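Note that the coordinates shown come from a computational prediction; the quantities given were computed from them, not determined experimentally.
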Amino acid sequence: HTKLLQLLTTKPE
Amino acid sequence: PLPPALTPEHLISRIMEAEPPEIYLMKDMNRPLTEANVMMSLTNLADKELVHMISWAKKIPGFVEFGLLEQVHLLECCWLEVLMMGLMWRSVDHPGKLIFSPDLSLSREEGNCVQGFSEIFDMLIAATSRVRELKLQREEYVCLKAMILLNSNMCLISSEGSEEPQSRSKLLRLLDAVTDALVWAIAKSGLPYRQQYTRLAHLLMLLSHVRHVSNKGMDHLHCMKMKNIVPLYDLLLEMLDAHIMHSS
């Protein structure tokens, strides 16, 4: 789940 | 995980603010309506919606307090249910049609071009009629969607030793808070007390249909992937594979 993890750990803009 | 000061009213307004924007397909639906074209458009749209769903989940109060793996697991379990609930909400004023996006709606007949779709289409249209019949309100809708997320792995979580021990009780507390918010939203309607709790039951019973259609849809998508009918986009593929892995 690379993409999912990446989106979950991205700080909101 | 909730700050104690968060009243049902505040919680609902936070969940309302978390709502994703309308997603457009942004290109003409490929015509003619062939199996490959329809599946291509629907999976393209689903992939875009999934990106917004992650942001939505992160804005549900308490969600980011869960461990990262717990967040992953919750989303992997519920994503198609959440997509379908949104689809039903968008389609509520269009009997007999499914409004996948403002620029992509399909009638039952148009959906028939995809093998195995008619059964799922009919179930979605029937569930949408039930939503129409219940006159679901926006505040109730957003609570139900949050409940789908928080309830998605309730019956899997205890069987997995790797979960942190407080995770389940955190989840239950948050689910209770969303339930309070839903009860508050129903009470606002001014219905007599007895009708308020029968309405609560009717709304929650919708969720078992959503779970059922989602499972059917998941099998269908898996089947389409196996038959190489449609190229799947990265996030959608990841979510599908995770679901198939969890359920097998």
Side-chain angles (χ1 to χ4, degrees), chain A, chain B residues 1 14 17-21 23 43-44 46-80 82-83 149 152-153 160 162 167 231-247:
Chain A
H1 30 239
T2 326
K3 179 92 194 239
L4 177 56
L5 273 174
Q6 183 199 327
L7 288 165
L8 278 171
T9 49
T10 311
K11 290 262 175 275
E13 63 292 331
Chain B
R14 293 275 300 275
E17 285 161 19
E19 269 299 278
I23 312 297
T43 50
N44 183 354
D47 191 64
K48 288 184 185 180
E49 280 195 80
L50 280 171
V51 174
H52 288 274
M53 189 189 299
I54 315 305
S55 312
W56 161 78
K58 286 162 78 177
K59 289 180 201 151
I60 303 288
F63 183 82
V64 292
E65 315 302 325
F66 294 120
L68 204 50
L69 280 181
E70 175 72 1
Q71 296 177 31
V72 165
H73 198 187
L74 286 169
L75 281 161
E76 284 176 348
C77 287
C78 77
W79 64 272
L80 191 52
V82 173
L83 287 183
L149 172 69
S152 66
N153 66 7
E160 287 188 349
S162 60
S167 178
L232 290 178
Y233 303 86
D234 47 358
L235 183 55
L236 181 61
L237 180 63
E238 214 177 277
M239 299 299 261
L240 176 67
D241 286 346
H243 208 281
I244 299 301
M245 206 184 71
H246 286 314
S247 61

Donor-acceptor pair, A:K3 side chain versus B:L237 backbone, under 3.5 Å?
no
Please list, one pair per line, the donor and acceptor atoms closer than 3.5 Å that link side chains of residues 48-57 of chain B to other protein atoms, with sequence neighbours excluded.
unit_1 : atom_1 : unit_2 : atom_2 : d
B:K48  : NZ     : B:Y24  : O      : 3.1
B:K48  : NZ     : B:L25  : O      : 3.0

I'd like to check the side-chain contact (heavy atoms from CB on, under 4.5 Å) partners of B:L68; sequence neighbours left out, ordered by chain and number.
A:L5, A:L8, A:T9, B:Q71
B:K58 to A:L7 - nearest heavy-atom pair and separation:
NZ-O, 2.9 Å
Starting at CD of B:E238, measure out to OG1 of A:T2 and round the result to the nearest 0.5 Å.
5.0 Å
